Structures are given as structure tokens and as C-alpha cells.
Engineer: 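Encoded as C-alpha cells, here's the structure I'll be asking about.
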Amino acid sequence: MRRSEVWFEKLRRFRWVAIAVGVVEALAGERPNIVLIYMDDLGYGDVGCYGARAIPTPNMDRLAREGVRFTQAYATSATCTPSRYGLLTGEYPWRKPGTGILPGNAPLIIEPGRTTVASLLRRAGYRTAVVGKWHLGLGSGALDWNGEIRPGPLEVGFEYAFIMPATNDREPCVYVENHRVVGLDSSDPIEVSYGRPIPGVMIAREHPELLRMRFTHGHDQGIANGIPRIGFRKGGTAAVWKDETMAEEFVHRAVAFLEAYRNDPIFLYFALHQPHVPRVPNPKFVGRTALGPRGDVIVEADWCVGELLAALERLGIADRTWVILTSDNGPVLNDGYDDQAVTRNGDHRPAGLFRGGKYSRFEAGTRVPFISWWPGRIRPALSDALVSQVDFLATVAELVGVPLGPEDAPDSLPSLAAWLGQSPKGRDQVVVQGVAREQLAIRTERWKLLPPCPGPATNTNTGIELGNAPVPQLYDLAADPGERRNVAAEHPDVVEDLHARLAKIRSDGYSRPGAHPQVRTSSERPNAEAEWKGD
Ligand code: NG6
Ligand code: CA
């Protein structure tokens with residue numbers, strides 16, 4: 001054998017070994033920083049670049065101007081927990097019981113050890129962090145907030161976590177950093193209840209004089225910072241967050257992580273809390289819009305985006321950072337507090353021209369802003385490709401060159417070319433979910449089918465049309481994006497075809513070619529059923 005042949009033989013052997021451990025694939029890929037900015041209840045029409053005139057969002061608009069702005073992008077679900085579950089696992093959340101809106105003391109709903117965006121990127125050499133809203137549960141039942149809080153983000157692939165456990169309207173109103181409540185005084189332990197009131201704890205509905213913000217529905221249990229909340233908490237007084245400084249706390253931790261690992265590839269899941277209720281902007285943003293607190297907190301969120309971009313530039317890493325900005329579900333004005341969102345809305349259209357809103361199977365429930373920005377790689381464009389957040393996992397796997405196993409990401413399709421704006425071709429079809437697991441809809445490029453579904457047509461509290469009806473609804477989204485004219489009777493063949501597609505996606509247990517259906521273990525309890533089903 002000549003020397004070069006020996007060398008090649010060595011290389012070949014090394015190559016096989018390397019493939020076995022997945023290294024070659026990892027080296028073949030790119031490793032930009034990945035920053036996912038995930039908004040909470042931000043509507044399609046709430047951002048300047050999507051048509052909002054009443055809310056200045058210069059930083060989000062800048063991302064759109066310099067990146068790709070998508071017009072047909074979807075969250076998997078019209079509420080938070082399932083959308084976040086789908087985003088991180090690449091599985092349609094309705095496949096798994098217990099993925100509805102979680103109470104603040106629910107156990108973790110992602111099985112530790114499962115491939116998530118974070119665990120996959122960590123395998124590829126990334127430093128991984130989640131900063132902001134979690135709402136995927138913590139612990140494995142009967143959580144003690146005073147001890148080690150696990151499993152949680154650190155057990156599903158993140159190496160650093162600074163989180164709000166559930167939502168800003170749910171107790172306990174404390175931050176959790178890695179495995180601990182931040183600022184907890186051990187002589188004042190935390191107790192949380194989602195059932196009965198805790199003796200000695202003030203109840204919001206009995207003490208309106210203690211409230212600085214009134215509730216309209218729900219949110220009549222515990223009180224934190226003069227704001228009525230869902231759930232009761234006793235103790236932990238020193239650890240209670242300040243609503244006004246939440247945005248800067250999140251920015252501070254996110255930027256610190258970027259600074260610490262500027263020389264490594266970073267995955268930052270930056271999950272902002274705006275404009276979810278209660279809407280309590282920092283005083284410096286009060287009055288920045290004519291819409292009251294809901295508009296003002298969107299301006300505050302835009303400031304957070306600007307701070308993050310400024311940090312990337314200051315650290316000299318913007319060119320190798322891929323930023324994706326999107327939202328977990330559509331907009332709602334009155335989500336349980338009397339905060340002027342309805343009375344001061346004027347002619348602002350939070351959902352743009354779409355019907356419904358948060359909780360809805362109509363477009364406004366899941367059609368969300370979606371912007372992809374990467375100065376070193378992406379050229380400015382507008383994209384009408386059909387894209388879904390459930391594809392995040394397969395798309396980053398494609399980017400970094402780590403193969404997915406058959407048990408991973410059952411519904412996630414590699415979509416890198418579309419997400420980078422290099423191809424106008426997105427998905428052929430996507431399934432979306434209203435407030436409950438059985439409220440599904442399927443859309444293709446042209447059509448959308450909402451199969452018959454029990455439940456009220458409109459939620460009387462939020463005023464949102466949910467899309468429930470006893471008959472099939474078929475909309476021609478190309479001609480009728482506002483879903484005004486049900487054409488099911490005129491196109492029975494299309495209805496039948498879409499029914500069959502949806503039935504197959506459900507019964508197969510997966511929709512990614514090469515994936516297997518998920519094996520559900522007995523440890524996966526259908527825990528913490530959604531406390532509220534939107535009716
Ligand atoms: C609902 C709350 C709503 C909001 C939502 C979760 C009531 C009446 N409504 O149960 O205010 O917190 O849950 O929103 O309590 S999400 O964006 O996290 O899914
Ligand atoms: Ca949400």
C-alpha cells in the first residue's frame with residue numbers, strides 16, 4: 001500500500017468510527033449561535049412589520065427588514081403549554097395527554113432523556129440556556145419549592161435556566177434559577193395550592209381593597225404585589241418577583257449568558273412574558289402607546305429585543321447568530337383582568353385580518369409573526385412558505401448535522417432552506433390545535449378544514465370565536481384568509497381528503513418520514529389536566 005493509501009485507509013476507519021458516534025455529521029454542519037425569541041400571546045397584527053400602526057416595534061421591524069418575514073407561520077397550538085411542548089420536542093402536543101395549559105405546580109411534561117432542541121444542540125457542542133417563561137411543569141409530583149426543583153429545564157437539555165415557572169398570572173410568583181427559587185428565605189418557606197385556599201392567605205375575591213388591578217374572570221385567588229392571581233401561595237415573601245422589572249431581569253440574565261459563552265456556539269431560548277396578562281410595564285414604558293398597558297408591554301418587549309441585538313453586536317457575534325422571533329399563540333384583549341386592553345384598543349387589529357384569537361382553531365389562534373434573521377447568512381426577503389414551529393427541532397438538527405433517531409421528533413420536518421429564506425417551499429400541510437386536544441384543524445396551501453367539534457362557538461369571557469361547530473368547516477384560505485365563508489358543502493371531495501389526511505396523521509402516531517410512533521411509558525401520567533378548557 002502506498003503512503004497515501006494508508007492514510008486514506010486510516011481516514012476511512014476513522015470515518016466509520018466517527019459516524020458511529022455522530023461526530024462527522026456534527027462537523028459537517030454549521031454551528032451559528034441560535035437565539036429563539038418566543039413571545040407570549042403576541043398577535044400576527046401586533047408588530048409594526050405585520051401592519052401595526054399603534055405600537056412602535058422598531059427592533060422587531062429591524063429583524064424583519066434585514067431578515068426573512070414569514071406570512072404563513074404557525075404555532076402548533078392556540079395556547080402556551082402545548083405550543084412550547086411542540087416547539088421543544090418536535091411532537092404535535094395533542095398526541096400526548098396532559099399537555100394543556102398547566103397549573104403553576106404541575107410536574108414536568110417532557111420526559112427527561114428525550115431529544116429536545118436543547119439536548120440535541122448540547123450534543124452538538126452548544127452552550128444552552130432558557131431565560132423567561134417555562135410553563136412546561138417542574139418536578140415529578142408534589143413539588144417542594146423549598147428544596148431542589150427537579151426535573152426541569154436542566155434535565156431536558158438546558159445547562160442554565162432562569163425561569164418564571166408557569167405564567168405571570170399563576171402562583172408561585174417567584175423566579176427559579178437552575179434548581180432553586182431565587183432569593184428564598186428558608187425561614188419563610190413556600191407552599192402552593194391550586195385547589196383549596198391556604199388558611200391565613202388573603203383571597204383576592206374577598207379583598208378587593210388590596211388589589212391595584214381588578215380581575216374580570218378567573219384570577220380571584222391569591223394576591224401578589226397587589227395583583228390577583230391563579231393559585232394560592234403562602235410564604236416566600238422575599239422571593240416574590242416585581243412585575244415591573246421582569247423584562248430587565250430576563251434581559252440581564254440572557255445577556256450575561258451571551259457574554260459568558262461568546263466564544264462557543266450558544267442556544268438561547270429567550271421566552272418573554274409580554275403581552276400575557278397581567279400587563280405591568282416598567283414605568284419607563286407606561287404611556288408609550290395610546291392602547292394602555294397591552295400596547296405598552298409590547299413596546300417593552302421590543303426594547304428587550306433591542307437590548308439583545310445590541311449585546312450581540314457589542315460582543316462581535318451578530319454575524320454568526322441566527323435569531324428567530326415568533327409567538328406561542330395568538331392575541332387576546334381581555335384575558336381576565338380589567339386593564340383597558342378592550343376599551344383603549346381603538347382600531348388596532350391584534351390578529352391582523354385573521355379570525356378568532358388565542359384559544360381559537362381559527363387562524364388568529366395559531367398564525368403568528370415569525371421572523372428569521374442571521375446577518376452573515378440570510379438575505380432580506382418576504383416568505384409565504386408554510387412553516388410550523390414543530391419543525392424547529394428537525395431544522396436545527398439539519399443545520400448542525402446531527403441525525404435524528406426514529407424515536408425523536410415525530411412530527412418535525414427539516415425545513416432549513418425555507419427557514420433561511422432560500423426556498424419558497426414550506427410544508428405541504430400542517431395540523432393546528434385550539435384550546436383542547438380534540439380541537440384540531442388541518443391546512444394545506446389552499447384549504448383549511450375544521451372538523452366538527454363540540455363546545456361553544458364563542459367564549460363569553462374573552463369574546464373570542466373558538467371555531468367550534470357541529471358541522472365541518474372548510475375555508476379557502478387563498479381566497480378567504482379571514483375564514484368568512486364555509487365552503488364545505490361545495491367541495492365534499494376536499495373535505496373528505498383533508499379528513500383522511502388528518503385521520504392518518506393521528507393514527508400513524510407520527511408524520512415525519514423515518515420517525516416511529518412515540519412509546520408512552522407508564523411514568524407518563526396524564527398529569528395536571530388543563531384546568532380550563534376555554535368554555
Ligand atoms: C387561562 C387564564 C388566562 C391565561 C391562560 C394561559 C383564566 C380565566 N384564564 O386559564 O388568563 O393565563 O390560562 O395562557 O384563568 S397561556 O398563554 O399561558 O396559555
Ligand atoms: Ca401564550
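Index from 1, following the sequence. Both ligands and their constituent atoms are indexed starting at 1 by order of listing. All values reported here derive from a predicted model rather than from experimental measurement.
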Engineer: Quiz question: by atom type and distance under 3.5 Å, do the side chains of Y510 and E91 form a donor-acceptor pair?
Structural biologist: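 Absent: no donor and acceptor within the cut-off.
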Engineer: Going by the order shown, which atoms of ligand 1 are within less than 4.0 Å of some heavy atom of T79?
Structural biologist: 19 (O)
Engineer: Measuring to the Ca ion (ligand 2), does T167 have an N/O/S atom at a distance below 3.0 Å?
Structural biologist: no
Engineer: Which of the atoms in ligand 1, numbered in the order shown and given with their element, are less than 4.0 Å from a heavy-atom of H135?
Structural biologist: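 Contacts of ligand 1 toward H135, numbered from 1: 18 (O).
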Engineer: What N, O or S atom of D41 is found closest to the Ca ion (ligand 2)?
Structural biologist: OD1
Engineer: Does any N or O atom in H219 lie less than 3.5 angstrom from one in ligand 1, N or O only?
Structural biologist: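 Checking ligand 1 against H219, an N or O pair does fall under 3.5 Å apart.
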Engineer: For T216 and D338, test the side chains for any donor-to-acceptor distance below 3.5 angstrom and give the result as yes or no.
Structural biologist: no
Engineer: Give a yes or no on whether the ring-centroid distance for F162 and Y175 is below 6.0 angstrom.
Structural biologist: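 Between F162 and Y175, the centre distance is under 6.0 Å.
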Engineer: Is it true that the NZ or CZ of R279 lies under 6.0 Å from the centre of Y337's six-membered ring and within 45 degrees of the ring axis?
Structural biologist: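 The answer is no, since R279 fails at least one limit relative to Y337.
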Engineer: Could you see which bit of D335 sits under 4.0 Å from ligand 1, with heavy atoms only: side chain, backbone, both or neither?
Structural biologist: both
Engineer: Should D41 be counted as touching ligand 1, given the test is an N or O pair under 3.5 Å?
Structural biologist: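 By distance alone, the answer is yes.
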Engineer: In terms of side-chain heavy atoms, does D46 have a donor or acceptor partner in H348 at a distance below 3.5 Å?
Structural biologist: yes
Engineer: Ignoring hydrogens and angles, state whether a donor on the side chain of R170 or T167 is under 3.5 Å from an acceptor on the partner side chain.
Structural biologist: yes
Engineer: Of the options T116, L121, L88, I163, which is the one that meets Y269 in a side-chain contact (heavy atoms from CB on, under 4.5 Å)?
Structural biologist: L88
Engineer: Considering only heavy atoms of K133, which atoms of ligand 1 have at least one such atom less than 4.0 Å away?
Structural biologist: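 Under 4.0 Å from K133, ligand 1 has these atoms: 16 (S), 17 (O), 18 (O).
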Engineer: By number and element, which atoms of ligand 1 are closer than 4.0 Å to a non-hydrogen atom of T167?
Structural biologist: 18 (O)
Engineer: Under a 3.5 Å cutoff, is there a donor and acceptor pairing between the side chains of Y475 and Q473?
Structural biologist: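 Yes, Q473 and Y475 have a side-chain donor paired with an acceptor closer than 3.5 Å.
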Engineer: Hey, are Y38 and R84 close enough side-chain-wise for a donor-acceptor pair under 3.5 Å?
Structural biologist: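 No - no donor-acceptor pair under 3.5 Å links their side chains.
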Engineer: State if Y359 counts as touching ligand 1 under the rule of any non-hydrogen atom under 4.0 Å.
Structural biologist: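 The answer is yes, since Y359 has a heavy atom less than 4.0 Å from ligand 1.
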Engineer: Any donor-acceptor pair under 3.5 Å linking the side-chain atoms of N329 with those of T79?
Structural biologist: no
Engineer: Short N/O distance, under 3.5 Å, between H217 and ligand 1?
Structural biologist: no
Engineer: Check all N, O or S atoms of D328 and name the one closest to the Ca ion (ligand 2).
Structural biologist: OD2
Engineer: With a cut-off of 4.0 Å, which atoms of ligand 1 are near a heavy atom of D40?
Structural biologist: 17 (O)
Engineer: Step by step, work out the side chain to side chain contact (heavy atoms under 4.5 Å, CB included) result for L136 and Y85.
Structural biologist: CA-CA 7 Å; L136 290 163; Y85 180 87; 4.0 Å; yes
Engineer: Quick one: which ligand 1 atoms are inside 4.0 Å of a heavy atom on I230?
Structural biologist: 15 (O)
Engineer: Hey, is Q221 touching ligand 1 through its side chain, its backbone, both or neither, going by heavy atoms under 4.0 Å?
Structural biologist: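 Answer for Q221: neither.
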Engineer: Suppose I only count heavy atoms of H276 and a 4.0 Å limit; which atoms of ligand 1 are within that range?
Structural biologist: 4 (C), 6 (C), 12 (O), 14 (O), 16 (S), 17 (O), 18 (O)
Engineer: Do V430 and Y92 pass the side chain to side chain contact (heavy atoms under 4.5 Å, CB included) test, and can you show the C-alpha distance, the side-chain angles, and the key distance before you say yes or no?
Structural biologist: CA-CA 10 Å; V430 68; Y92 282 138; 3.9 Å; yes
Engineer: Would C80 count as a polar contact of ligand 1, with the cut-off being nitrogen or oxygen pairs under 3.5 Å?
Structural biologist: yes
Engineer: State the atoms of ligand 1, each with its element, that fall below the 4.0 Å cut-off from a heavy-atom position in D169.
Structural biologist: 3 (C), 4 (C), 11 (O), 12 (O)
Engineer: Restricting to N/O/S, name the atom of D40 that gets closest to the Ca ion (ligand 2).
Structural biologist: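 This turns out to be OD1.
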